[in-house]
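Worksheet: the structure to be examined is printed underneath.
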Amino acid sequence: MLASNYDPHAIEKKWQAEWHSARLYSVTEDASKPKKYVLEMFPYPSGDIHMGHVRHYSIGDVVARYFTMRGMSVLHPIGWDAFGLPAENAAIKSNSHPAAWTHANIEKQAASFRRMGFSYDWDRSLRTCDPEYYRWGQWSFLKFWERGLVERKNSPVNWCPGCKTVLANEQVLSDGTCWRCKSVVEKRELEQWFLKITDYAQELLDDLDELSGWPERVKAMQANWIGRSEGAEVDFTLCDIAGEPTETTITVFTTRPDTLFGCSFFLLAPEHPLVKEFVAGTEYEAAVMNVVRAAEKESAIDRSSAEEEKRGAFTGRYVMNPVNGEKVPVWVSDYVLMEYGTGAVMAVPSGDQRDFDFARKYDLPIPPVVVAEDDAILGELSGVRERVLADVPWEVAYAGPGVMVQSGEFTGMRGGKASEGMKAVTGWLAERGQGRFSINFRLRDWLISRQRYWGNPIPAIHCPVCGLVPVPEEQLPVLLPMDVDVTKGETLADHPDFYETTCPKCGGPARRETDTMDTFTCSSWYYLRYCDARNDVAIFDPEKTGYWMPVDQYIGGIEHAILHLLYSRFFTKVYRDMGLVDFAEPFTNLLTQGMVKLDGATMSKSRGNVVAPEEIIAKYGADTLRAYILFMAPPDKDLEWSNEGLDGMWRFLGRAWRHITEVAEETAAGARGAAAVDPAGAALRRERHRVVGKVADDIERFGFNTALSAMMELLNAASDYRRTIPAAERDAALEREVAETLTLLLAPYVPHMTEELWREALGHETSVHTEAWPTWDPAAAASDAVEYAVQVNGKVRARLTVPADASEDLVRDAALALDKVAEQIAGKTVRTVLVVPGKLVSIVIA
RNA sequence: GCCCGGGUGGCGGAACAGGCAGACGCGUCGGUCUCAAAAACCGAUGAUGGAAACAUCGUGCGGGUUCGAUUCCCGCCCCGGGCACCA
């Protein structure tokens, strides 16, 4: 017996259990149907479900359910990004094991997700901390290694003192702090494992153009991060202490080879290996080492601040400029970065503000070489090949386009970015083997080793005889041992049982690698694994990924604009080169959902500004919460949480419930009457068609809020009809059709309520969630009468209702004949009368 | 500094293709029901003037194009985000 009032608590758990036991949302490949892969970025199992989760997964759920109703075969999986530091930290705090903490959280969070009624195929669920999963991460690592994409190298790396491990560049925020714990990151020189993502820099950049389904800003951020610069490498000949040329050259990268004649000094980064060699035992040593030591001490933040005063010292050495044989002094300065380019820079102070500032500070010459068309000094320098002016009268450097002066045979050419002069100088250098066209990327290789326990062990062995040796594939997985006690600060490096091993090559004693992999490696391929989650002989069956991939709709937070999304694109391209997949991009369409805030700030426990979804569910049920959070704002915008409007959604669902149950009681299932001929019934029928079409359109463009508005309008129309037309005159069949339509339209948003209505009130045998989307006909939504707005000189003065098929002439005449219009045009000349079909009439008078 | 977003009633937000600004909801006010309250339902609700019909103004600011601009163009202001000593 159906309750007369909407009571979500009685029905939600009932249907959750029913769907679960019926495995309603399990899918397999079905070649007879078009497929859709709808994916929300999988969660880190923090245990609590917060409003951000509710929003994120509600969006995905509506999209998945909608596509299912539209006849697609829909893959909508869920899993757990289960390795990571929070588990270790929590284990230390609660004196337990990261595995126990993680597994308990997954249970808890999975229960919350079920309580929300999300339509996941739980049969495909995965946890990245399971050996059945992470072994394929290790396998991928070995395949990358075979392809030359794994490198262990010594370099300055980011060390997070809070996390006690190194971080990839992408994981350091622009203010120099750790993305996870906000500690200030330090630079350390360490030997670490890298994945050579830079091999794919160009393709990662180029393919952004193909991602028409991605937000522009995400693509802009990635392009920015990859940071491609075109220019040239230039070889400068090093001079010995006596100032005589040697056989050695030092190469620099420049984006402005056209300014080479303006190079008046040369710079090395403080970390550059040649620095110490140059100054050891010389009179310059003390001053130079001061700069080097100061740079070492400086934090990454200060070092990267443009505000910082540039420090430098002369090394006593000179290099020779290849274009003019000029000897220029070599300085050390902290504004030169070892990580970018070659760690050496040719300084052209007239064309670069940083070099300009440095030259002024240390009293170095600033010879002009590219001069703006309207600059006064062009008069005396125009066409002058030799250097006659060694210093500019400028206050700032000039980096724009202009005419080349004092530049030998290139004098008179156009200089600037992508200029004739740039090409000419580069060509000249290339002919002589002293330079070449070059492209530089800001993107660095991905540092993936982590000095932490709760992660995927790197499958490598250090052999004193053979060097670095990969773990043979048949020995995978390298199991993460469970007897590591993180509460005592232990890592794998404290466990001889783990690291003592034999070399697979020579059989001698060897040491297993004790670093684990960045958790971002685990999340770089999970979307592929969902396609074939239980495969125990391969990472996945290419037939299955061939059916499901690429992901048609990916949904996630903007915080992964670079991190996860860039890494996943990289992994996909490598798998493609391995022949495992035949596409280059994993995510066709991307929706970045906005944050849920309270009092203008992200909800967080530490800040104490949280609204717990459980509390809302306890009061209103999951359906109201789902619908409300989608109604509050468009999904890509930040949302300020407020309890105020919840009652509005509750009222709407309650009204829908009462309306549908009342109509259902009065009309037998499947009853169909004659088509309504009365105007009110016809209007309601038109409204039904309009709304069905609008809701479909809106969902496809993520207008979940406007889709709900349209459903509210349909309910308003249906209940107005019911209230204003006497029972005897109402079209019962139409009413039932509208009630069923409303139930179907609401189903993706409020799956429990609609299931109860569909089966118990409307009397259907099968689930509403296996029903097809209601049919609609745009023509049937069109009214046979249209209202025109009549404008006189741009102002609406009257309204006019005419038959929909009225001709333009008829509309024009009718408009001019209106009293209001006659009033306006009396005594004036009508200049133009413009009819916009179906919309308005615009009358222009003099 | 560069690159993306955004600025509309008291509030969240609509207006997808240059065509009636403010859909839908919240809130507020008035009403019905009730002994009363809650819930529910009905109605009003951009501002100003007016008893009303209605008029004028109104989408961050200033210009422009157009019969007509929240929408397109030019110049600004403010807010949010990303990048930034990258040679």
Side-chain angles (χ1 to χ4, degrees), chain A residues 5 173-174 215-225 227-229 231 252-256 259 267 269 303-310 333-337 339-348 351-355 357-358 399 440-444 558-559 561-562 594 600 628 631-634 636-652 654-655 658 694 697-698 700-701 703 705-713 715-716 719 723 787-799 820 831-834 836-845:
Chain A
N5 281 311
L173 305 180
S174 58
E216 284 304 321
R217 87 174 155 141
V218 174
K219 290 190 279 185
M221 283 164 75
Q222 290 215 358
N224 212 337
W225 185 261
R228 183 184 193 273
S229 303
V252 297
F253 173 75
T254 176
T255 53
R256 292 291 303 279
T259 63
L267 294 164
R303 182 75 188 274
S304 67
S305 163
E307 316 307 322
E308 197 74 357
E309 177 94 354
K310 297 162 185 20
S333 180
D334 53 5
Y335 77 92
V336 179
L337 308 173
E339 300 93 82
Y340 186 78
T342 60
V345 170
M346 64 175 226
V348 181
D352 182 289
Q353 192 56 42
R354 295 156 300 171
D355 298 344
D357 295 342
F358 192 84
N440 228 291
F441 291 96
R442 209 184 80 99
L443 181 69
R444 305 265 60 90
I558 188 72
E559 66 273 18
I562 295 170
Y628 177 59
F631 182 66
M632 286 181 89
D636 55 331
K637 284 202 182 157
D638 282 355
L639 174 159
E640 174 69 25
W641 179 265
S642 156
N643 283 332
E644 294 262 290
L646 259 171
D647 286 324
M649 186 53 68
W650 171 256
R651 272 197 286 271
F652 166 63
R655 287 207 304 133
R658 278 189 302 280
K694 176 164 173 58
D697 287 350
D698 282 357
E700 291 188 26
R701 62 177 187 90
N705 53 340
T706 50
L708 276 160
S709 298
M711 292 183 241
M712 290 172 179
E713 286 170 326
L715 176 63
N716 288 346
S719 49
R723 200 180 65 243
E787 191 188 65
Y788 280 77
V790 182
Q791 291 185 345
V792 178
N793 280 359
K795 282 191 176 138
V796 180
R797 296 293 178 180
R799 288 166 201 292
K820 286 272 177 194
R831 281 251 184 91
T832 331
V833 180
L834 206 116
V836 181
K839 299 267 182 181
L840 58 73
V841 181
S842 182
I843 300 167
V844 188
I845 58 174

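Letters A, B, ... are given to chains in the order of the sequence lines, protein chains preceding strands, and every chain is numbered from 1. For the numbers below, each heavy atom of this structure counts, side chains included, while hydrogens, waters and symmetry mates do not.
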Exercise for the section: Could you tell me whether A:Pro634 contacts a base, only the sugar-phosphate backbone, or nothing, with contacts defined as non-hydrogen atoms closer than 4.0 Å? Expected result: sugar-phosphate
Practice task
State which of B:rG82, B:rC16, B:rU56 makes the closest approach to the side chain of A:Arg797.
Solution key: B:rU56
Practice task
Check whether any side-chain heavy atom of A:Thr706 sits under 4.5 Å from a side-chain heavy atom of A:Arg701, and report yes or no.
Solution key: yes
Fill in the blank from the handout: Closest to the side chain of A:Glu216, out of B:rC4, B:rG19, B:rG13, is B:rC4
Practice task
For B:rC26 and B:rC74, measure between their C1' atoms and round to the nearest Å.
Solution key: 39 Å
Completion exercise
B:rA14 -> Watson-Crick or G-U wobble partner, both distances under 3.5 Å, gives none
Practice task
Ignoring backbone atoms, test whether A:Ser333 places a side-chain nitrogen or oxygen under 4.0 Å from the OP1 or OP2 oxygen of B:rC85.
Solution key: no
Fill in the blank from the handout: note: A:Asp636, atom CG; B:rG5, atom C1'; distance rounded to Å ~ 10 Å
Handout entry: Protein-nucleotide distance (A:Asn440, atom CG; B:rC86, atom P), rounded to Å
Key = 13 Å
Problem - Same-atom distance (P) from B:rU48 to B:rA38, integer angstrom - result: 29 Å
Handout entry: Shortest side-chain distance from A:Ala220, nucleotide among B:rC3, B:rA14, B:rC86
Key = B:rC3
Practice task
Quote, to the nearest angstrom, the C1' distance that separates B:rC4 from B:rG64.
Solution key: 26 Å
Practice task
Any strand is fair game: report the nucleotide pairing with B:rC83 by Watson-Crick or G-U wobble, both distances under 3.5 Å, or none.
Solution key: B:rG1
Problem - Expected output: side-chain A:Asp355 to main-chain A:Val348 donor-acceptor under 3.5 Å - result: yes
Exercise for the section: Write down the distance between CG (A:Asp357) and C1' (B:rG1), rounded to a whole number of angstrom. Expected result: 14 Å
Practice task
Could you tell me which nucleotide pairs with B:rA23 by Watson-Crick or G-U wobble geometry, both distances under 3.5 Å, or answer none if nothing does?
Solution key: none
Completion exercise
In whole angstroms, the gap separating P of B:rG68 from CD1 of A:Ile845 amounts to 13 Å
Exercise for the section: Could you measure between the two C1' atoms, the one in B:rG5 and the one in B:rG27, and give it in whole Å? Expected result: 29 Å
Handout entry: Side-chain heavy atoms of A:Tyr335 within contact of A:Leu267, under 4.5 Å
Key = yes
Problem - Whole-Å P distance, B:rG68 and B:rC76 - result: 26 Å
Problem - Counter-base of B:rU32, judged by Watson-Crick or G-U geometry with both distances under 3.5 Å - result: B:rA40
Exercise for the section: Sort out the partner of B:rC61 for me: Watson-Crick or G-U wobble, both distances under 3.5 Å, none otherwise. Expected result: B:rG75
Practice task
Assess whether side chain to side chain donor-acceptor pair (under 3.5 Å) is satisfied between A:Asn224 and A:Arg442, documenting all intermediate values.
Solution key: CA-CA 9 Å; A:Asn224 212 337; A:Arg442 209 184 80 99; 5.6 Å; no
Practice task
Evaluate the criterion side chain to side chain donor-acceptor pair (under 3.5 Å) for residue pair A:Asn643 and A:Tyr628; output intermediate values, then yes/no.
Solution key: CA-CA 10 Å; A:Asn643 283 332; A:Tyr628 177 59; over 6 Å; no
Exercise for the section: For nucleotides B:rG7 and B:rG60, find the distance between their C1' atoms and express it as a whole number of Å. Expected result: 6 Å
Practice task
Determine whether A:Arg256 and A:Met346 make a side-chain contact, defined as any pair of heavy atoms from C-beta on separated by less than 4.5 Å.
Solution key: no
Problem - Phosphate-side-chain proximity, A:Arg217 and B:rG80, N/O vs OP1/OP2 below 4.0 Å - result: no
Would you tabulate the pairs of protein nitrogen or oxygen atoms and nucleotide nitrogen or oxygen atoms of nucleotides 24-28 of chain B closer than 3.5 angstrom?
from: B:rG25; atom 1: OP1; to: A:Asn716; atom 2: ND2; distance (Å): 3.4
from: B:rC26; atom 1: OP1; to: A:Arg651; atom 2: NE; distance (Å): 3.1
from: B:rC26; atom 1: OP1; to: A:Arg651; atom 2: NH2; distance (Å): 2.7
from: B:rG27; atom 1: OP2; to: A:Arg651; atom 2: NH2; distance (Å): 3.1

Handout entry: B:rC42 phosphate, OP1 or OP2, under 4.0 Å from A:Arg723 side-chain N/O
Key = yes
Practice task
Please check the phosphate of B:rC41 (OP1 and OP2 only) for any side-chain N or O of A:Arg658 closer than 4.0 Å.
Solution key: yes
Problem - Any A:Ile558 side-chain heavy atom under 4.5 Å of A:Arg217 side chain - result: yes
Practice task
Look at A:Asn224 and B:rC4 and indicate whether a side-chain polar atom (N or O) is within less than 4.0 Å of OP1 or OP2.
Solution key: no
Problem - Rounded C1' spacing from B:rG46 to B:rA84 in Å - result: 43 Å
Practice task
Kindly indicate whether the side chain of A:Glu700, heavy atoms from C-beta on, has any atom under 4.5 Å from the side chain of A:Asp697.
Solution key: no
Completion exercise
The answer to which of A:Lys694 and A:Phe441 contacts RNA chain B further toward the 5' end, by nearest nucleotide, is A:Lys694
Completion exercise
Comparing nearest nucleotides in RNA chain B, the 5'-proximal residue of the pair A:Tyr788, A:Asp698 is A:Asp698
Completion exercise
Separation of B:rG19 atom P from A:Leu840 atom CG, nearest Å, is 9 Å
Exercise for the section: Flag the pair A:Val844 / A:Asn793 as yes when at least one side-chain heavy-atom distance between them is below 4.5 Å, and no otherwise. Expected result: yes
Handout entry: Distance in angstrom units between A:Glu787 CD and B:rG19 C1', rounded
Key = 14 Å
Practice task
Could you let me know what B:rU56 is paired to, Watson-Crick or G-U wobble, both distances under 3.5 Å, or none if it's on its own?
Solution key: B:rA47
Exercise for the section: Identify whether any heavy atom of A:Glu339 sits under 4.0 Å from a base atom; if not, whether one sits that close to sugar-phosphate; answer base, sugar-phosphate or nothing. Expected result: nothing
Problem - d(CG, A:Asn705; P, B:rC16) in whole Å - result: 13 Å
Practice task
Output the single nucleotide from B:rG12, B:rA15, B:rC83 whose closest atom is nearest the side chain of A:Met632.
Solution key: B:rG12
Exercise for the section: Indicate, with a heavy-atom threshold strictly under 4.0 Å, whether A:Thr254 touches base, sugar-phosphate, or nothing. Expected result: sugar-phosphate
Handout entry: For B:rG50, glycosidic torsion class - syn if within 90° of 0, otherwise anti
Key = anti
Handout entry: d(CG, A:Asn5; P, B:rA39) in whole Å
Key = 14 Å
Handout entry: Heavy-atom neighbours of A:Arg228 CZ exceed 12 at 6.0 Å
Key = yes
Practice task
For nucleotides B:rA14 and B:rG9, find the distance between their C1' atoms and express it as a whole number of Å.
Solution key: 13 Å
